[in-house]
Amino acid sequence: MQILDGKLLSKNNKEELAIEVKHLKNEGKRAPHLAAILVGHDGASETYVNHKVKMCNDVGFGSTLLRLDENISEEFLLEQVERLNNDIDIDGFIVQLPLPAHINERKVTLAIDPKKDVDGFHPVNMGRMLLGLSAYLPATPYGILQLLEAYEVKTSGKHCVIVGRSNIVGKPISVLMARNHALGNCTVTQCHSKTIDLEEKLKSADIVIAAIGQPEMIKADMIKEGAVVIDVGITRVEDSSKKNGYRIAGDVHYESVAPKCSYITPVPGGVGPMTVISLMKNTIKAYKKQVYK
Ligand code: GUN
């Protein structure tokens, strides 16, 4: 069993990105610049955004964090999006999700200029990805692809079972794993809450991608010997033995599943760290105007 070590890979990628930014600056160019809008004080969102800002600092990117009160109007948020769309010093930006209930997420996502949509959530980027055109790939699916590539995991002709159909992970990764590409060419089965006999589907999988947010629901008896298991879940579960009172659990019961796998991602330290790297890579693409030519 080999661990797909996202922590190590992200560290290596971070160093490479830092060198690239240093070269740009040595050539007298400005650094790439990522902005993030955070509305309200959701604990998990604060953590994610802080990781993104810290990564910008670590690799030498410029960063702007726009913190907005949770009671702001949708109109005000749309004005901020428009301002970032038109700011020539900002290469890409994200609006951290979820947004407060009174703000329409879809409306906000649609307002982002697709050229600056480094999250890859805008329908133009989703559509381009679906058609195999160059696009900003959403961070989590992009992170999964980078892990598979770095560890030379063979995907062609394999049966890939994806559990989850979210817009951010399940839907895009199903498209990417099925596309005609060295990091694809899988036969994909997409499972969700209404799937009948999930266990049977999982048992026939060469590659499992779990993105359902149900802590440790995938157990060893559901997994084929030698399978590749990618765990996207990150849920806080109560744990009185921890100082902060919780631990982070994936969707996969790691202890029992890992011995059966050829490759597995740990949680934390698997897919998570690669998502922030993906965002940085998308920002550098936006800076170089590599995506829309
Ligand atoms: N909320 C959870 N994941 C993400 C992400 O990748 N981007 C944004 N903008 N919000 C999120």
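Start at 1 with the first residue, then count along the sequence. Counting starts at 1 for both ligands and their atoms, in listed order. Values reported hereafter were calculated over all heavy atoms of this structure, with side chains retained and with hydrogens, waters and symmetry mates removed.
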Which protein N or O atoms sit under 3.5 Å from any N or O of ligand 1? Give atom names and distances.
residue, atom, partner, partner atom, Å
ligand 1, 1 (N), Gln96, NE2, 3.3
ligand 1, 1 (N), Leu97, O, 2.9
ligand 1, 7 (N), Asp119, OD1, 3.2
ligand 1, 7 (N), Asp119, OD2, 3.2
ligand 1, 9 (N), Val95, O, 2.8
ligand 1, 9 (N), Asp119, OD2, 2.6
ligand 1, 10 (N), Gln96, NE2, 3.4
ligand 1, 10 (N), Leu97, N, 3.0

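- Ionic pairing of Arg67 and Glu46 is present here: one or more N-O contacts between side-chain nitrogen and carboxylate oxygen are shorter than 4.0 angstrom.
- Partner Met177 forms a side-chain contact (heavy atoms from CB on, under 4.5 Å) with one of Leu145, Asn185, Val161 and no other, that one being Leu145.
- Using a 4.0 Å cut-off between charged side-chain N and carboxylate O, Lys224 and Asp206 make a salt bridge.
- Using a cutoff of 4.0 Å between basic side-chain nitrogens and carboxylate oxygens, Asp91 and Arg30 are scored as salt-bridged.
- Of the possible polar contacts, none joining the Thr140 side chain to the Thr275 backbone as a donor-acceptor pair under 3.5 Å is found.
- Salt-bridge formation is not detected for the pair Glu79/Arg83: no Lys NZ or Arg NE/NH1/NH2 atom is positioned less than 4.0 Å from an Asp or Glu carboxylate oxygen.
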